2 protein chains.
Amino acid sequence: MSKEDAMSRTPPRDRIIETARELFRKHGLRGVGVDAIAEAAGSNKMTLYRHFGSKDDLIAACLTEAGKEAAQEWDEWDAEFPDDPMNQLHEWIGCAVSCAIEDPRGCDIANAAIEITEPDHPARKVIAQVKSAHRDRLARICRDAGFPDAELLADALTLLVEGARVSWQTVGPQGSGSRFVSVAEAVVAAFAERGKRAV
Amino acid sequence: MSKEDAMSRTPPRDRIIETARELFRKHGLRGVGVDAIAEAAGSNKMTLYRHFGSKDDLIAACLTEAGKEAAQEWDEWDAEFPDDPMNQLHEWIGCAVSCAIEDPRGCDIANAAIEITEPDHPARKVIAQVKSAHRDRLARICRDAGFPDAELLADALTLLVEGARVSWQTVGPQGSGSRFVSVAEAVVAAFAERGKRAV
DNA sequence: TTTGAATGTTACAGACCGGTCACAGCCTGT
DNA sequence: ACAGGCTGTGACCGGTCTGTAACATTCAAA
């Protein structure tokens, strides 16, 4: 009963966020109600509303948490290959979509951006901030690795990974998304050769 | 009153599909009810249900219609640059995301794939079919243009455009999505040079 | 003119939703 | 032992949703 133990030990707020992220991912933001989330988290609707003022705020909190997790992953790559941006880049390419094999539901943040239609939704700024940070870290690695067109390469890789996670949801494992690693490596190689010739 | 005239002349089924596509695009699939669609189409819920057995079937019909429109666009490029795949490719790159400037809601089909969580939803096969056809036509152009790595280039461009339309919804005009044309052209150029050197 | 199919209208069923209230319990720090 | 904050419980409100039933209307073809 280690799971139930952990459930009862962690404060309700954390359990609710974790459970909400699971259910949102599985059924979509509009596909699951706050009551179901609270119950699945071993709590109830009232405490949910005492921690998060509304469902929309809960969604924003979940995406903030997702952004924190992503940043942690970047930090781990930083620590794994210190001062070796080229290996960091290859590691990123390898990991960026690999998770999709088990759970083909793509990126929670991108999915939320698509599912949320209100322009003033509290989650919108979280989405923009996390995604911008992602591109910025990618651009920094490309610059550190010495690519002359580092910014353009960062844009290319950003679009590729974003597209791969969508492609996985549209056509599944037969689609272009499953060739993301080959494509990304080819693009990186092409940009590297371009740089060499320019020098 | 040509618009109202057209509304009353066209059969209800077509009006409903057209209206549904607009509203689905604006508010999401789950963000608008069948009653609102029927009323906005100048019809009513009952006739809607007589033409489409369920809301899910209506969604599938809307995506089928979207797929037909996309195919028509490809045919126009074919007719505009007959036997000139390189220009067809450039035209595709220019048009693929340009529409996003006015309406940043991305691709209806990809959005639907993300919003639909049921694996057996009637729209799923439509989504997969349309997206596969898109990649196939792109691959054919790349092959006709003589790219040695035509399949890989088609995958790259597919992922890029898919990612661009998502990026537009996450970070807006400041994001990588607005650099799609530059990125895609750079990737095409890199693949072309690769081919030359390989020859 | 009559017939019949397509369409419109109204009402309803049953379920779910987000959000709030009043009240009861628990558990910790003092 | 006691006080106070956090948590749990169940009921409730008003609204919306998909889908159906029964009935009225229009309109074109025969």
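Everything quoted here is computed from the prediction, not taken from an experiment. First the proteins, then the strands, lettered A, B, ... as listed; each starts at 1.
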(message) So, under a plain 3.5 Å distance rule, would you say the side chain of R50(B) forms a donor-acceptor pair with the base of dG8(C)?
(response) yes
(message) Using only modelled atom types and a 3.5 angstrom limit, is any donor from either the side chain of K45(A) or the base of dG19(C) paired with an acceptor on the other?
(response) yes
Distance check needed: [N] [atom2] versus [X] [atom1], whole Å only.
X: L48(B); N: dT9(C); atom1: CG; atom2: C1'; answer: 15 Å
X: I16(A); N: dC6(D); atom1: CD1; atom2: P; answer: 14 Å
X: D35(B); N: dG19(D); atom1: CG; atom2: C1'; answer: 11 Å
X: K55(A); N: dT20(C); atom1: NZ; atom2: P; answer: 15 Å
X: N44(A); N: dT20(C); atom1: CG; atom2: C1'; answer: 13 Å
X: D57(B); N: dT18(D); atom1: CG; atom2: P; answer: 14 Å
X: Y49(A); N: dT9(D); atom1: OH; atom2: C1'; answer: 17 Å
X: R13(A); N: dG8(D); atom1: CZ; atom2: P; answer: 15 Å

Given [N], is OP1 or OP2 found less than 4.0 Å from the side-chain N or O atoms of [X]?
X: H51(B); N: dT7(C); answer: yes
X: S43(A); N: dG8(D); answer: yes
X: R30(B); N: dT18(D); answer: no

(message) Out of the candidates V183(B), T158(B), L160(B), only one should pair with L160(A) under the side-chain contact (heavy atoms from CB on, under 4.5 Å) rule; please name it.
(response) L160(B)
(message) Check K55(B) with D35(B), please: is the shortest side-chain N to carboxylate O separation under 4.0 Å?
(response) no
(message) Taking E151(B) first and then R143(B), would you say they form a salt bridge - that is, a charged N and a carboxylate O separated by under 4.0 Å?
(response) yes
(message) Under a plain distance cut-off of 3.5 Å, with no hydrogens placed, do N44(A) and T47(A) share a side-chain donor-acceptor pair?
(response) yes
(request) Please report the closest heavy-atom contact between Q88(B) and F81(B), naming both atoms and the distance. (result) NE2-O, 2.7 Å
(message) Using the side-chain heavy atoms of T47(B), tell me which of these nucleotides is nearest: dT7(C), dG19(C), dG8(D).
(response) dT7(C)
(request) Return the nearest nucleotide to the side chain of M46(B); candidates are dG18(C), dT9(C), dT7(C). (result) dT9(C)
